[in-house]
Amino acid sequence: MRPTLSWTPTEEPSPGTTDLAPVAEALARGGVLVLSGAGISTESGIPDYRGEGGSLSRHTPMTYQDFTADPAARRRYWARSHLGWRTFGRALPNTGHRAVAAFGRHGLLSGVITQNVDGLHQAAGSQDVVDLHGRLDRVVCLTCGDFSDRGELALRLEEVNKGFAPVAAGINPDGDADLTDEQVGDFQVVPCAVCGGVLKPDVVFFGEAVPPQRAERCRALVREASALLVLGSSLTVMSGLRFVRQAAGAGQPVLIVNRDPTRGDRHALARVALPLGDALSAVAGRLGVPLDEARGS
């Protein structure tokens, strides 16, 4: 089966609110668990999947089934991902990431779960981040299980694909660049340096299950949280929506900051329909939390 990539509301979507008071009040009480999605990274130059101009309008993400079954699909993936990494790997944290890190430093959060694979929460200084869908800066061999650094793989791919520099139509949230088959051309994939096996980015592809221990850790974080704050996620895929349902089912407040309606709105006390960077910066100001203080201060 193909993974769920989109959803259509079955009722009139709520326009959301611009009132940040519920978010500020929840954070002031402390113990808030953040669940972030692609929308928090758009201000870093990494596009969303489903927002206005989202990449799903022109791009279908690679599935685990296609990647593992089809060598041609793997070649297309690595060509696109290799080109995308040149931009994706240079992305820097934005105001939203810095705000989340600042809330954590001031003891307002119980943890962070991110659906993103960009590592920008950690780059901003957040601690105890669960990368629900893995990290694009690490590579795993599907044959022997060896892990390696994405930068090392990039150097190897550069060596065997000298002059590979097509112009992409865009970069996607999974680090994939939009290329035609003609642009992919005869791009060469390299094997695992340890055993010669098939390499895959250490991320959870669409159609692939989140590792059970990681999923259980997230469920435990939800159980222990005072509230769940969703930032920049449409909650279309079940891997994130399940935590919203879990929190709401346990009577824990769910708050969402996302400009567009989400699949979890019915479970939320409020959805704040404001740009994330502006919204979180304003909340930090209300709480007297400086965004750019030195880490550890």
> Is the side chain of Ser41 donor-acceptor paired with the backbone N or O of Ala38 at a distance under 3.5 Å, no angle test?
Replying inline: no
> Looking at Tyr77, does the NZ or CZ of Lys200 lie under 6.0 angstrom from its six-membered ring centre and within 45 degrees of the ring axis?
Replying inline: no
>> Distance alone, cut at 3.5 Å: any donor-acceptor contact between the side chains of Asp66 and Thr63?
In response: yes
> So, Arg105 side chain and Leu291 main chain: donor-acceptor pair closer than 3.5 Å or not?
Replying inline: yes
> If you look at every heavy atom in Ala154 and Trp85, which pair is closest and at what distance?
Replying inline: CB-CD1, 4.1 Å
>> Can a donor-acceptor pair be found, under 3.5 Å and without considering hydrogens, that links the side chain of Arg156 to the backbone of Pro191?
In response: yes
>> Please tell me whether Asp70 and Gln65 have a donor and an acceptor in their side chains that are separated by less than 3.5 angstrom.
In response: no
> Taking the side chain as C-beta and beyond, is there a heavy-atom pair between Leu255 and Leu228 under 4.5 Å?
Replying inline: no
> Between Val204 and Glu208, what is the shortest heavy-atom contact and its length?
Replying inline: CG1-O, 3.2 Å
> Should Leu142 and Met62 be regarded as members of a common hydrophobic cluster, given that ILVMFWY residues are connected when their side-chain heavy atoms come within less than 4.5 Å of each other, either directly or indirectly?
Replying inline: yes
> Would you say Val190 and Val194 are hydrophobically clustered, going by side-chain heavy atoms of ILVMFWY under 4.5 Å?
Replying inline: no
>> So that I know where these two stand, are Tyr64 and Phe206 an aromatic pair - ring centroids less than 6.0 Å apart?
In response: no
> Taking side chain as C-beta onward, heavy atoms only, is Val257 less than 4.5 Å from Val23?
Replying inline: yes
> Is any NZ, NE, NH1 or NH2 atom of the basic residue among Arg286 and Glu25 found under 4.0 Å from an Asp or Glu carboxylate oxygen of the other?
Replying inline: no
> Linking I/L/V/M/F/W/Y whenever any side-chain heavy atoms sit under 4.5 Å apart, do Leu199 and Val140 land together?
Replying inline: no
> Looking only at atom types and distance, does a side-chain atom of Arg75 sit under 3.5 Å from a main-chain N or O of Gly185, one as donor and one as acceptor?
Replying inline: yes
>> If you compare all heavy atoms of Leu241 against all heavy atoms of Gly264, which two are closest, and at what distance to 0.1 Å?
In response: CD1-CA, 3.9 Å
>> With a 3.5 Å distance limit and no angle check, can you tell me whether Arg138 reaches the backbone of Phe147 through a side-chain donor-acceptor pair?
In response: no
> Is there a donor-acceptor pair closer than 3.5 Å between any side-chain N or O of Asn161 and the backbone N or O of Gln188?
Replying inline: yes
>> Within the structure provided, determine whether Phe88 and Val117 are in side-chain contact (heavy-atom separation under 4.5 Å).
In response: yes
> With a 4.5 Å limit on heavy-atom distance, are the side chains of Arg135 and Gln122 in contact?
Replying inline: yes
>> Using the rule given for side-chain contact (heavy atoms from CB on, under 4.5 Å), can you reason through Val112 versus Asp128, listing the C-alpha separation, both sets of side-chain angles and the distance that settles it, and then say yes or no?
In response: CA-CA 7 Å; Val112 177; Asp128 301 321; over 6 Å; no
> According to a 4.5 Å side-chain heavy-atom criterion applied to Ile, Leu, Val, Met, Phe, Trp and Tyr, with indirect links allowed, do Val130 and Leu33 form part of one hydrophobic cluster?
Replying inline: yes
> Are the charged groups of Arg86 and Glu158 less than 4.0 angstrom apart, N to O?
Replying inline: yes
> Can you check whether Val230 reaches Leu235 side chain to side chain, under 4.5 Å on heavy atoms?
Replying inline: yes
> Within a radius of less than 6.0 Å around CZ of Arg150, do more than 12 heavy atoms belonging to other residues, nucleotides or ligands occur?
Replying inline: yes
> Going by heavy atoms in the side chains, are Leu132 and Cys218 under 4.5 Å from each other?
Replying inline: yes
>> Would the distance check show the side chain of Ser226 and the main-chain N or O of Gly31 forming a donor-acceptor pair, the cut-off being under 3.5 Å?
In response: yes
> Is the closest side-chain heavy-atom distance between Asp131 and His121 below 4.5 Å?
Replying inline: no
> Does the Asp149 side chain pair with the main chain of Gly151, one donor and one acceptor, at a distance under 3.5 Å?
Replying inline: yes
> Which is it for Val210 and His133 under the side-chain contact (heavy atoms from CB on, under 4.5 Å) test, yes or no, and what are the steps along the way?
Replying inline: CA-CA 7 Å; Val210 173; His133 296 149; 4.1 Å; yes
> Where is the tightest heavy-atom contact between Pro47 and Thr42, given as atom of each residue plus distance?
Replying inline: C-CG2, 4.0 Å
> Any donor and acceptor pair, going by atom type alone, linking the side chain of Arg219 with main-chain N or O of Arg214 inside 3.5 Å?
Replying inline: no
> With distance as the sole criterion, is a donor-acceptor pair present between the side chains of Ser36 and Gln115 under 3.5 Å?
Replying inline: no
> So, His97 versus Ser126: side-chain donor-acceptor pair below 3.5 Å or not?
Replying inline: no
>> Looking at every heavy atom in both Arg223 and Gln252, which two are closest together, and how far apart are they?
In response: O-NE2, 3.6 Å
> Donor-acceptor pair, Asp265 side chain versus Pro261 backbone, under 3.5 Å?
Replying inline: no
>> Using side-chain contact (heavy atoms from CB on, under 4.5 Å), reason through Leu35 and Leu231 one step at a time and then give a plain yes or no.
In response: CA-CA 6 Å; Leu35 171 64; Leu231 302 177; over 6 Å; no
>> Give me the atom names and distance for the closest heavy-atom approach of Ala101 to Ala124.
In response: CB-O, 3.4 Å
> Taking C-beta and beyond as the side chain, do Asp118 and Leu136 meet within less than 4.5 Å on heavy atoms?
Replying inline: no
> What pairs with His82 under ring pair (Phe, Tyr, Trp, His ring centres under 6.0 Å), at least two apart in sequence or on another chain?
Replying inline: Phe187
